[in-house]
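Let me begin by presenting the structure, written as structure tokens, before commenting on it.
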Number of protein chains: 2
Amino acid sequence: MKWSEIGGTPCSVARALSVVGDRWVLLVLREAFMGVRRFEDFRSRTGMSRRVLAERLTALVEEGVFERRAYSDRPERFEYRLTAKGRDLYPVLVALLNWGDHWMADEEGPAVELVHDPCGATVHPVQTCPRCGQAIDPRAMTPVLKRDLRAT
Amino acid sequence: MKWSEIGGTPCSVARALSVVGDRWVLLVLREAFMGVRRFEDFRSRTGMSRRVLAERLTALVEEGVFERRAYSDRPERFEYRLTAKGRDLYPVLVALLNWGDHWMADEEGPAVELVHDPCGATVHPVQTCPRCGQAIDPRAMTPVLKRDLRAT
DNA sequence: CGGTATCCCATTTGATACTG
DNA sequence: CAGTATCAAATGGGATACCG
């Protein structure tokens, strides 16, 4: 299977990956959640080449993850803002951050900490069951297959 | 910046991505969480080529995400089992699944559903604050930068 | 079954230059 | 600042064959 066909799969994970399953895209999203909106800021903070950044931003706008809007008319200048669809990717980034903090840490401690404004605590968010409120343990979850994941 | 240097960054997201920031790797993990352990099963269920799969599995074993162990001596046969480090990637996969279910769905409904065994409910797990228990809203989170994300 | 070895094409990307 | 154009180099990946 070629990667370009992966989005046509019925699996939601694969479909999600067809949009955000790219190293650079995730790095761009990291910056977006840190408040970055402009091309040059994305570029300098991630270290991506212009070419790659331009291409990824275009694709993400097409996918509806970012909205491109002018913030200046003369000269024309654009910025990229997360849409609701884009904002919903927050849990993905947080999950990666948590895992990196736990398993890829060094002695100097994490570079970014997350403060939950309502309660003021510095936290690592946890996934819980919306029904019973318990923290999720992978071994207590049963995946139920409804369709062949490879079908078109 | 080249991608190969990204793991040397102090950002936990980037470090996590240096291990799992690959399309195929995430697909392999998806299968692992569905109970798959053997080479041929990974291959047929993801549609990857042998070459790519072998390479990714080797790398993941080196990173400590999978453990390679013999399940038969004669002939010698191996299987790949998630380690604790690997199991901790579950929230990443679930976050992707949730997002895909919500934003990339089709009329036929999700291909995979998650049942929370303890309460028996089919759920989309949610991220909550471990301190106050509230569901996480990205806009209620403040990222606090402790170090330059691009430093070595 | 569980890989490894080879070959070769397609895509990606980093560098650099250029533009409104 | 916010890109686009171009090109050479590297990488990735499919196909196929082979082996214990």
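Chain naming here is simple, since letters A, B, ... match the order of the sequence lines and numbering starts at 1 in each.
Salt-bridge formation is not detected for the pair B/Glu40/B/Arg38: no Lys NZ or Arg NE/NH1/NH2 atom is positioned less than 4.0 Å from an Asp or Glu carboxylate oxygen. The existence of a salt bridge linking B/Glu62 and B/Arg68 is excluded, since no basic side-chain nitrogen approaches an acidic carboxylate oxygen closer than 4.0 Å.
Remark: A/Asp106 CG is packed, more than 12 non-hydrogen atoms of other residues, nucleotides or ligands lying under 6.0 Å away. Other residues, nucleotides and ligands contribute over 12 non-hydrogen atoms within 6.0 Å of the CZ atom of B/Arg147.
With sequence neighbours excluded, the residues that form a side chain to side chain donor-acceptor pair (under 3.5 Å) with B/His124 are B/Asp101.
Remark: side-chain polar atoms of B/Glu79 are not paired, donor with acceptor, to backbone N or O of B/Tyr71 under 3.5 angstrom. Here the side chain of A/Trp99 pairs a donor or acceptor atom with the backbone of B/Lys85 at under 3.5 angstrom. B/Thr122 contributes no side-chain N or O that, together with a main-chain N or O of B/Val115, makes up a donor-acceptor pair within less than 3.5 Å. Between the A/Arg15 side chain and the B/Met104 main chain, a donor and an acceptor come within less than 3.5 Å of each other.
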When the side chains of residues 19-37 of chain A are checked against the rest of the protein, which donor-acceptor pairs come out under 3.5 Å, sequence neighbours left out?
from: A/Asp22; atom 1: OD1; to: A/Trp24; atom 2: N; distance (Å): 2.8
from: A/Asp22; atom 1: OD1; to: A/Val25; atom 2: N; distance (Å): 3.0
from: A/Asp22; atom 1: OD1; to: A/Arg56; atom 2: NE; distance (Å): 3.1
from: A/Asp22; atom 1: OD2; to: A/Arg56; atom 2: NE; distance (Å): 3.4
from: A/Asp22; atom 1: OD2; to: A/Arg56; atom 2: NH2; distance (Å): 2.9
from: A/Arg23; atom 1: NH1; to: B/Gly21; atom 2: O; distance (Å): 2.3
from: A/Glu31; atom 1: OE1; to: A/Arg45; atom 2: NE; distance (Å): 2.6
from: A/Glu31; atom 1: OE1; to: A/Arg45; atom 2: NH2; distance (Å): 3.0

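Looking at residues 18-36 of chain B, you'll see that no heavy atom sits under 4.0 Å from any atom of DNA chain C.
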Which pairs, protein N/O on one side and nucleotides 2-7 of chain D N/O on the other, fall under 3.5 Å?
from: D/dA2; atom 1: OP1; to: A/Tyr71; atom 2: OH; distance (Å): 2.7
from: D/dA2; atom 1: OP2; to: A/Glu40; atom 2: N; distance (Å): 3.2
from: D/dG3; atom 1: OP1; to: A/Arg68; atom 2: NH2; distance (Å): 2.8
from: D/dG3; atom 1: OP1; to: A/Tyr80; atom 2: OH; distance (Å): 3.3
from: D/dG3; atom 1: OP2; to: A/Tyr80; atom 2: OH; distance (Å): 2.8
from: D/dG3; atom 1: N7; to: A/Arg50; atom 2: NH1; distance (Å): 2.7

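The outermost nucleotides of DNA chain C lying under 4.0 Å from heavy atoms of chain A, listed 5' to 3', are C/dT13 to C/dG20.
Rounded to 10 degrees, the angle separating the terminal axes of the helix from C/dC1-D/dG20 to C/dG20-D/dC1 is 50°, with each axis obtained from five end pairs.
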Starting from the C-alpha separation in whole Å, work towards a yes-or-no answer on side-chain contact (heavy atoms from CB on, under 4.5 Å) for B/Cys129 and B/Ile136. CA-CA 6 Å; B/Cys129 173; B/Ile136 296 292; 4.1 Å; yes
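Clustering ILVMFWY residues whenever any of their side-chain heavy atoms sit less than 4.5 angstrom apart, transitively, puts A/Val126 in a cluster other than the one holding A/Val94.
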